[in-house]
Enquirer: 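Below is the structure I would like to discuss, written out as structure tokens.
Residue numbers start from 1 in every chain, and the chains themselves are labelled A, B, ... in the order their sequence lines are given, proteins ahead of strands. What you see is a predicted model; the values in this text were computed from it and never measured.
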Amino acid sequence: MLRSSEDTEKKVTEKPLKDMEISVPIVCGSAAFWLGKKASEFQSHKWTVYVRGATNEDLGAVVKRAVFQLHASFNNPTRSLDTPPFELSESGWGEFEIAITLHFHSDVCEKPLHLFHHLKLYPGDDSGSMSIKKPVVVESYDEIVFAEPSENFFARVQNHPAVNVPRLPAGFTLPPHVPVEDVDKRKKGDTKENPISHWYTIFSEADELLNLAAARQQVQASIARFRRQMSMIEGHNQIQNQNQQLKSSSDL
Amino acid sequence: MDAKDILGLPKTTLSLSQDKKPRPQKESQRKPDGISREVYALTGGLAPLMPSIDIAQLKRRPQPENEKITWQWLPFSNSARKDDLQLYHWVRVVNGVPPTGDYSFSKFNKSVDIIKYTEEEYEKHLNDPTWTKEETDELFDLCERFDLRFVVVADRFPSSRTVEELKDRYYSVSRAMLNARAPSPGEVAVNPLVKDPYNVVQETERKRALSMVLSHTKQQDRKDTEVLAQAKRITESRKTVKGVVATELSITANAGADETDRTVVPADTASPSSSIQFASANVVPPISTEDSASTSATLRMLQVYTRTYALDQMVQAASASAGLRTIKRVEQTLQELGVNLKPKVPTKAVCAEHLELRKEILTLLNLQKQLQYKETEGSSHRENSQYAETPSTPPKRVLDQDRTFNPDSSGFGGERVVKRDQKRKIPGRSSEAPSSPAQSKRPRKLKASDG
């Protein structure tokens, strides 16, 4: 008896929610500082590769571990980070692709997610002007989408600043979530006051949306125009056909 | 001729007198130089038009004239022999000097280095419950005599042991000796005896399996292939079922387990393009052929993915029906409109807008094509059957006349004029040249009034 009720309880909390995807906007990027006078042949740049929340919030609630796979020429090329902020600093001379694997907490998702980031050290256009103060920053915005998140996860991150949670449909109630961790003890995992946060790009979707909306308008206008012309031509053709028929009948 | 000689028949030339007339001409050419007549006959009998053999090559190799070569019957000794047996053979003597050097075949007398152990070493390292010292000694002796040919050794071994047992004993003894005598374990680690130890169990299994396979009859082979094919079909059908169905609870729980099974790929294999998951590699190929409903179903199966990946999948699904050329045109249009091919800030809203835009551009391009067809239909009607142009080749005359700027110019339209001009220069690909319907209509109206 007891067992079955436990099972049903467990099922309820782990039941995945349909059509309620949770998305976590992240930015995957790198910042590379040229070492200037202190640069040697094999250590010309000091760079940091990171995965941060798009609004610089702590990702620790979602991401359990981030594994950065560096070029084979580095010592211990597989670097694993278990605490946020998920960033890794190294010094080197070469550009290469870094494979980043994000492992999530067990109630979030069983499978890891793979991302790639190409480390850029040298500014492309004006290669002459490498400055010690200004780093070469490449950031790419992306969103992690959890298709059918469990209720547990949902409840846990309902009010988390780093996570985009859709509005619950009316009548749907979730068990109130009791935060497990002691907030004071937890180390700061956000990237708001990071040394390189100064160089972070702010990604706003507003510009892109405007752009897209304008483009769509143009396309729709062209479509309307074509449709009009098409109907006119069809009318034209019909008249011609009728004329031809009349002609041929008159020839007879 | 000679055959007749052998048979004893008279060589009669009277009856063959007529045939012989052309023949003497050919026969006069039959002057073989340096080779006997019979050999020459082997090559085809009569002289060929083109010399097929370089006759000079048929002689023996050029003899150096300055040396005097004789062949002598001389004794020799073989350094590979342990006794002093002296045998005789022919020796090529040059100018009276016999050749020096060892017997040329003695270098082939190779033998295997077998480790020899002493009594104490045996006591210390090599004691084994299943093997007595005498047996081990016997084994080693046989191995040396027969150069580690274990099949022969197994045959001659006094007590019956399988080849695998003998091998195992030999290799473990050698390994133990190596390890015992080595100054440090690191040096020996490279030695194949230590690096890849002999695995008795595996070997016996392997040989047994091999003999089973070899002894299969044809019937069994056929049955095996049938069973394998069936199994393959079943696993594939199971996979597709799982890919299509996406419901709640039990299915997603199962799917989670299944997909972790499927992720066999190790983490450090490289993958070229960005934001593509390893685990979904199995799922990706069928996606492009399904429609958007199943795209979302498969996305849901993944449980976690990036927005850019999802957008890629949906774009692929949407443009599945279009050919490569159309896709390129869509991308070109996007660029002309000032839109990034991959949105810089892929949020949910942005991605949705992007997808809609792409679909609308596809519609636009399709409309353009239809419009072209309509025009050419109209023009071919008018021109009777003289021109009989197929719809795919719109009349070039119409296009060439219309170099006037389209007054109906939004920024978009203006850019399109440029595009059209560029494309007009490409010959033959007239289906690509989007003729502006507004322009071509005007001259046609004039013609209609004429006709």
Side-chain angles (χ1 to χ4, degrees), chain A residues 11 14-16 18 21 23 25-26 67 69 77-78 97 99 101-102 104 108-118 140-148 164 203-205 207-209 211-216 218-223 225-227 229-230 232-234 236-237 240-241 244, chain B residues 248-249 252 256 259-260 263 267-268 270-271 273-279 299-308 310 333-334 337-340 343-350 353-354 356-357 360-361 363-364 367-368 370-371 374-375 377-378 381-382 408 410-413 437-438 441 448:
Chain A
K11 272 192 181 170
E14 286 182 1
K15 191 176 72 171
K18 267 198 82 172
E21 56 172 44
S23 66
I26 55 164
V67 181
Q69 182 72 26
T78 315
E97 194 168 70
T101 312
L102 296 175
F104 305 104
V108 175
C109 180
E110 299 288 322
K111 290 169 21 173
L113 183 63
H114 303 280
L115 305 165
F116 293 90
H117 181 76
H118 182 82
S140 52
Y141 176 99
D142 208 341
E143 292 189 351
I144 310 177
V145 182
F146 297 101
E148 285 176 350
N164 284 346
F203 290 92
S204 100
E205 60 169 1
D207 292 332
E208 197 114 21
L209 275 178
N211 212 3
L212 283 171
R216 279 186 74 183
Q218 276 189 346
V219 174
Q220 280 162 1
S222 301
I223 290 180
R225 196 163 29 106
F226 279 159
R227 290 227 162 98
Q229 285 167 352
M230 186 105 97
M232 281 175 72
I233 290 180
E234 280 185 3
H236 211 80
N237 284 352
Q240 281 174 8
N241 281 344
Q244 277 197 337
Chain B
E248 7 235 275
L249 261 187
T252 41
E259 259 152 352
T260 43
T263 53
D268 45 4
S271 180
S273 53
S274 60
S275 308
I276 291 187
Q277 298 189 60
F278 296 156
L299 282 177
R300 227 177 303 152
M301 289 286 294
L302 289 177
Q303 290 182 358
V304 64
Y305 50 89
T306 57
R307 187 79 68 188
T308 40
T333 323
L334 278 172
L337 290 168
V339 170
N340 303 318
K344 283 261 176 317
V345 190
T347 63
K348 192 163 179 175
V350 167
E353 284 282 308
H354 189 94
E356 289 305 308
L357 181 61
E360 282 172 7
I361 293 180
T363 324
L364 181 69
L367 263 182
Q368 263 185 3
Q370 280 182 19
L371 212 47
K374 293 279 176 199
E375 284 172 23
E377 271 179 24
H381 273 303
R382 251 182 298 111
D408 176 21
S410 51
F412 183 38
K441 255 180 56 177

Enquirer: If I compare all heavy atoms of A:Ala215 with all of B:Val339, which pair ends up nearest, and what's the gap?
Expert: CB-CG2, 3.7 Å
Enquirer: Ignoring hydrogens, what is the shortest heavy-atom contact between A:Lys111 and B:Val304? Give both atom names and the distance.
Expert: O-CG1, 3.9 Å
Enquirer: Sequence neighbours left out, what passes salt bridge (charged side-chain N to carboxylate O under 4.0 Å, His left out) with A:Glu205? Give chain and number order.
Expert: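 Scan of A:Glu205 (salt bridge (charged side-chain N to carboxylate O under 4.0 Å, His left out), adjacent residues dropped) gives none.
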Enquirer: Is there a side-chain contact between B:Thr306 and A:Val145 in this structure, where contact means two heavy atoms from C-beta onward sitting under 4.5 Å apart?
Expert: no
Enquirer: How far apart are the closest heavy atoms of B:Gln368 and A:Phe226, and which atoms are they?
Expert: CG-CE1, 3.0 Å
Enquirer: Rounded to the nearest 0.5 Å, how far apart are CG of A:Asp207 and NZ of B:Lys344?
Expert: 12.5 Å
Enquirer: Rounded to the nearest 0.5 Å, what separates atom CG in B:Leu364 from atom CD in A:Gln218?
Expert: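 Reported value, rounded in 0.5 Å steps: 10.5 Å.
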Enquirer: At a heavy-atom distance under 4.5 Å, which candidate from A:His117, A:Gln220, A:His118 has the highest pair count against chain B?
Expert: A:Gln220
Enquirer: Under a 4.5 Å heavy-atom cut-off, does chain B meet the side chain of A:Ser204, its backbone, both or neither?
Expert: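 Just the backbone, heavy atoms under 4.5 Å.
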Enquirer: Say you draw a straight line from CE of A:Met232 to NZ of B:Lys374; how long is it, rounded to the nearest 0.5 Å?
Expert: 15.0 Å
Enquirer: Between atom CD1 of A:Ile233 and atom CG of B:Leu371, what is the distance when rounded to the nearest 0.5 Å?
Expert: 4.5 Å
Enquirer: Looking only at heavy atoms, which two atoms of B:Val350 and A:Leu212 are closest? And how far apart?
Expert: O-CD1, 3.5 Å
Enquirer: Partners of B:Glu353 by side-chain hydrogen bond (donor to acceptor under 3.5 Å, both in side chains), sequence neighbours excluded?
Expert: A:Arg216
Enquirer: Any donor-acceptor pair under 3.5 Å linking the side chain of A:Asp142 with the backbone of B:Pro346?
Expert: no
Enquirer: For residues A:Glu208 and B:Pro343, report the shortest heavy-atom separation together with the two atoms involved.
Expert: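 That closest heavy-atom pairing would be OE2-CA, 3.1 Å.
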Enquirer: Quick test of your reading of the model: are A:Glu143 and B:Lys348 salt-bridged, counting only N-O distances below 4.0 Å?
Expert: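 Looking at A:Glu143 and B:Lys348, the cut-off is not met.
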Enquirer: For residues B:Thr347 and A:Tyr141, determine if any side-chain heavy atom of one lies less than 4.5 Å from a side-chain heavy atom of the other.
Expert: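 Yes. Closest side-chain heavy atoms under 4.5 Å.
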Enquirer: Can you give me the closest heavy-atom contact between A:Glu21 and B:Tyr305, atom names plus distance?
Expert: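 Looking at all heavy atoms of both residues, the closest pair is OE1-OH, 3.7 Å.
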